[in-house]
Amino acid sequence: MAGVGKAALAAWDPCRRWSWTSVSFGFHRAVSALLAQKPERAPRWLPVCRQKTSFSFLSRPDLPNLAYKKLKGKSPGIIFIPGYISDMNGTKALAIEEFCKSLGHAYIRFDYSGVGNSDGNLQESTVGKWRKDVLSIIDDLAEGPQVKKEIETKGVWSMPSKYSEEGVYHIQYNFIKEAEHHCMLHSPIPVNCPIRLLHGMKDDIIPWHTSLQVADRVVSTDVDVILRKHSDHRMKEKADIQLLVYTIDDLIDKLSTVGN
C-alpha cells in the first residue's frame with residue numbers, strides 16, 4: 001500500500017505495508033488525491049460542503065486522544081492524512097469520504113493532536129508527534145493485515161506466495177529484523193569482479209529495476225544487466241536455463257583469458 005501526496009509527514013517506516021492507502025497533502029498547497037484503485041467508470045458524486053458530523057475518539061495511554069470518523073467498507077481502505085493544521089472536516093477530506101461511500105470502500109479521517117477536536121496543545125505539536133498520530137490510526141483503527149504490527153505480535157509473518165505448496169511462506173520476525181543490517185543499495189558495493197545480472201521482467205516478487213540499482217551501486221566496471229521480457233521470478237524455463245549456462249560459460253572464458 002502506498003502513501004500518496006507531497007507532505008513530509010508521509011515519511012514512514014519503509015518496512016510497513018498496509019492494505020490501506022494513505023492520502024497526504026502538502027503544508028502549503030493541496031495536491032490531487034490519488035486512490036489505490038480507480039473504478040472502471042467514475043461514479044456520480046460531487047464535493048460536499050463543510051458540515052458538522054459525529055466523531056469518535058481513539059484513546060491512547062500517555063498520548064492525546066485523537067478525534068476520528070471511520071467509514072466501514074471493503075479493502076483497500078483509504079486513510080486521509082491532513083496537511084498542516086488542517087482538520088478532518090476539510091473539503092478534500094469530506095469529498096473523498098463521499099467518493100469512498102459511492103464505491104463501498106473503507107475510509108478513515110482524523111484530527112492531529114492539538115488540531116480540530118483532538119486533545120493536545122498545538123503549540124507543543126511536532127512532526128514527530130503527528131507521525132505517531134498517523135501510526136496510531138493505522139495500527140489501532142485500520143482493519144485488515146497491518147504487516148509490521150502482525151509480525152511484532154505473532155513473531156512470524158505469513159506471506160502469501162504462489163511459489164509455496166502451502167500457498168504461503170512463514171517468515172520469522174528475527175529473520176526480517178536481522179536483514180535490516182544487510183541493506184546494500186544505500187552505498188557503493190565493494191565488488192570488483194565481472195558481474196552478470198539476469199532478471200525476468202515478469203518478476204512479481206523483485207522488480208527488475210532492482211538489478212539496475214545493483215549494477216549502479218557495485219564499483220566494478222564490468223557489469224552487464226540482461227533482462228528477459230517474458231521470464232518470471234524463478235527463470236526456470238528452458239530458454240532461461242540456456243541463457244544462464246551461456247552466461248556462465250562466457251564468464252569462464254573471460255576469467256580464463258585474464259588468468260593467462
Side-chain angles (χ1 to χ4, degrees), residues 1-13 16-39 41-60 63-144 146:
M1 190 184 84
V4 182
K6 294 185 178 179
L9 298 177
W12 314 129
D13 187 334
R16 287 179 178 265
R17 293 178 58 196
W18 305 305
S19 62
W20 290 71
T21 292
S22 299
V23 183
S24 60
F25 292 87
F27 287 163
H28 302 295
R29 63 177 182 173
V31 295
S32 299
L34 177 63
L35 302 180
Q37 294 183 344
K38 294 183 179 179
R41 182 176 62 184
R44 296 179 180 179
W45 62 280
L46 296 174
V48 296
C49 299
R50 290 176 180 269
Q51 57 183 347
K52 293 183 179 180
T53 57
S54 60
F55 53 86
S56 303
F57 278 103
L58 173 62
S59 298
R60 304 182 296 170
L63 290 173
N65 297 331
L66 299 180
Y68 71 91
K69 179 71 181 298
K70 180 178 180 180
L71 177 68
K72 291 186 177 182
K74 61 186 179 181
S75 180
I78 308 297
I79 298 176
F80 182 85
I81 301 178
Y84 182 63
I85 314 184
S86 296
D87 60 39
M88 63 175 170
N89 291 317
T91 304
K92 295 184 292 294
L94 296 177
I96 295 175
E97 182 174 75
E98 290 301 309
F99 178 78
C100 289
K101 281 182 180 179
S102 69
L103 296 178
H105 283 275
Y107 178 65
I108 297 175
R109 52 188 170 97
F110 69 98
D111 289 339
Y112 292 122
S113 53
V115 177
N117 292 292
S118 289
D119 295 341
N121 189 335
L122 179 60
Q123 282 66 41
E124 298 176 357
S125 297
T126 64
V127 171
K129 290 180 179 180
W130 284 353
R131 177 180 183 273
K132 289 182 179 179
D133 293 347
V134 175
L135 297 182
S136 293
I137 294 294
I138 293 171
D139 290 337
D140 298 327
L141 292 182
E143 298 176 1
Q146 313 304 317

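Since this is a predicted model, take the numbers as computed values, not measurements.
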Is there a side-chain contact between [X] and [Y] in this structure, where contact means two heavy atoms from C-beta onward sitting under 4.5 Å apart?
X: I108; Y: F80; answer: no
X: I78; Y: I96; answer: yes
X: Y112; Y: P82; answer: yes

For [X] and [Y], work out which heavy atoms get closest and say how close.
X: C100; Y: A106; result: SG-O, 4.3 Å
X: I81; Y: F110; result: CA-CE2, 4.3 Å
X: L71; Y: K101; result: CD2-CG, 3.4 Å
X: A93; Y: M88; result: CB-O, 3.4 Å

What is the distance from atom [atom1] of [X] to atom [atom2] of [Y], rounded to the nearest 0.5 Å?
X: S113; Y: E124; atom1: OG; atom2: CD; answer: 9.5 Å
X: L94; Y: K92; atom1: CG; atom2: NZ; answer: 10.5 Å
X: L141; Y: I138; atom1: CG; atom2: CD1; answer: 10.0 Å
X: I79; Y: Y68; atom1: CD1; atom2: OH; answer: 12.5 Å
X: R109; Y: E97; atom1: CZ; atom2: CD; answer: 4.0 Å
X: F55; Y: N89; atom1: CZ; atom2: CG; answer: 8.5 Å

**OP:** Would you please name every residue forming a side chain to side chain contact (heavy atoms under 4.5 Å, CB included) with S125, sequence neighbours left out?
**Re:**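 With sequence neighbours excluded, S125 shows a side chain to side chain contact (heavy atoms under 4.5 Å, CB included) to L122, W130, given in chain and number order.
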Subject >> side chain to side chain donor-acceptor pair (under 3.5 Å) partners for S136, two or more places apart >> reply: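 For S136, the residues satisfying side chain to side chain donor-acceptor pair (under 3.5 Å) (neighbours in sequence not counted) are R60.
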Original post:
Excluding sequence neighbours, so at least two apart, what forms side chain to side chain donor-acceptor pair (under 3.5 Å) with N65?
Top reply: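 For N65, the residues satisfying side chain to side chain donor-acceptor pair (under 3.5 Å) (neighbours in sequence not counted) are D119.
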Original post:
With S118, which of L66, L58, D87 fulfils side-chain contact (heavy atoms from CB on, under 4.5 Å)?
Top reply: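 That would be L66; it is the only one of L66, L58, D87 passing the side-chain contact (heavy atoms from CB on, under 4.5 Å) with S118.
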Original post:
What residues, two or more places apart in sequence or in another chain, satisfy salt bridge (charged side-chain N to carboxylate O under 4.0 Å, His left out) together with K129?
Top reply: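 Here no residue qualifies.
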